[in-house]
Amino acid sequence: MEDGGEIITGGGTGAGDGAYDFHRLHNYPLIRHSDMPDEMRNEAMELCVTAVEKYPSNNESAARMIKENMDRKFGSSWHALVGEGYGFEITHEVKNLLYMFFGGNLAITVWKCS
């Protein structure tokens, strides 16, 4: 895989192995769409994963952490959205959009619009 994730298949003998495999299979970042340069995309993706892992039950704090760090690293006017089951239509600067999933159903959208 391009992002370094691994696919885990069943094969364990324990009763709870299926749930463990499912969690591990979906515990890597999946980029759905991005027009960012590779280096920026990798930094943004790592930042998103760090924020979601630091605030597993508080999407607002994770989004705030992502926004503040992106503002610091790549200039101001960044926006971040973290949550489940949402749709969006946004206007963004070219080469400044990242839409990804993490943990299976948690979506993260990061974009710059000045």
Side-chain angles (χ1 to χ4, degrees):
M1 288 186 179
E2 183 178 86
D3 60 355
E6 60 181 337
I7 296 179
I8 308 297
T9 58
T13 56
D17 284 345
Y20 175 75
D21 289 346
F22 177 80
H23 176 70
R24 223 168 127 174
L25 175 66
H26 290 90
N27 204 21
Y28 65 91
L30 173 66
I31 295 179
R32 186 76 173 130
H33 177 78
S34 176
D35 65 352
M36 292 179 170
D38 289 343
E39 186 176 323
M40 180 187 282
R41 183 185 67 224
N42 289 336
E43 286 187 46
M45 180 183 64
E46 289 175 10
L47 175 62
C48 291
V49 170
T50 301
V52 168
E53 288 177 341
K54 184 174 182 178
Y55 300 104
S57 60
N58 191 340
N59 293 343
E60 185 176 345
S61 294
R64 182 175 290 112
M65 179 181 167
I66 294 167
K67 185 239 184 306
E68 290 172 354
N69 280 292
M70 292 297 286
D71 281 347
R72 206 173 302 122
K73 285 184 180 180
F74 302 108
S76 62
S77 300
W78 283 92
H79 307 275
L81 182 59
V82 178
E84 298 177 15
Y86 67 86
F88 63 92
E89 184 174 327
I90 59 172
T91 301
H92 66 90
E93 292 182 11
V94 177
K95 301 207 181 288
N96 286 294
L97 171 69
L98 173 68
Y99 175 44
M100 63 178 278
F101 288 92
F102 183 71
N105 58 350
L106 187 66
I108 303 166
T109 310
V110 181
W111 73 98
K112 185 174 185 176
C113 179
S114 46

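- In terms of heavy-atom proximity, M36 sits nearest to L97 at CG-O, 3.6 Å.
- A 4.5 Å side-chain heavy-atom check between M100 and S34 finds every atom pair outside the cut-off.
- Minimum heavy-atom separation, I66 to A51: CG1-CB, 3.6 Å.
- When every heavy atom of L98 is checked against every heavy atom of A44, the shortest pair comes out as CD2-CB, 3.8 Å.
- Between atom CD1 of residue I31 and atom CD1 of residue I108 there is a gap of 10.5 Å, rounded to the nearest 0.5 Å.
- Legend: salt bridge (charged side-chain N to carboxylate O under 4.0 Å, His left out) pairs involving residues 43-53, not counting sequence neighbours, sorted by first then second residue: E43-K73.
- When every heavy atom of Y99 is checked against every heavy atom of A107, the shortest pair comes out as CE1-CB, 4.2 Å.
- Remark: the backbone N or O of M65 is not paired with any side-chain donor or acceptor of K54 at under 3.5 angstrom.
- V94 and I90 sit in two unconnected hydrophobic clusters of ILVMFWY residues. Membership requires side-chain heavy atoms under 4.5 Å apart, directly or through other members.
- To the nearest 0.5 Å, atoms NZ (K112) and NE2 (H92) are separated by 13.0 Å.
- L81 pairs by the side-chain contact (heavy atoms from CB on, under 4.5 Å) definition with Y86, T109, W111, not counting sequence neighbours.
- Although no hydrogens or angles enter the test, the distance criterion places a donor-acceptor pair under 3.5 Å between the side chain of D35 and the main chain of N96.
- Between A80 and K67, the closest heavy-atom pair is CB-N, 4.2 Å.
- Partner of W78 under the side-chain contact (heavy atoms from CB on, under 4.5 Å) criterion, out of M70, E93, E68, R72: M70 alone.
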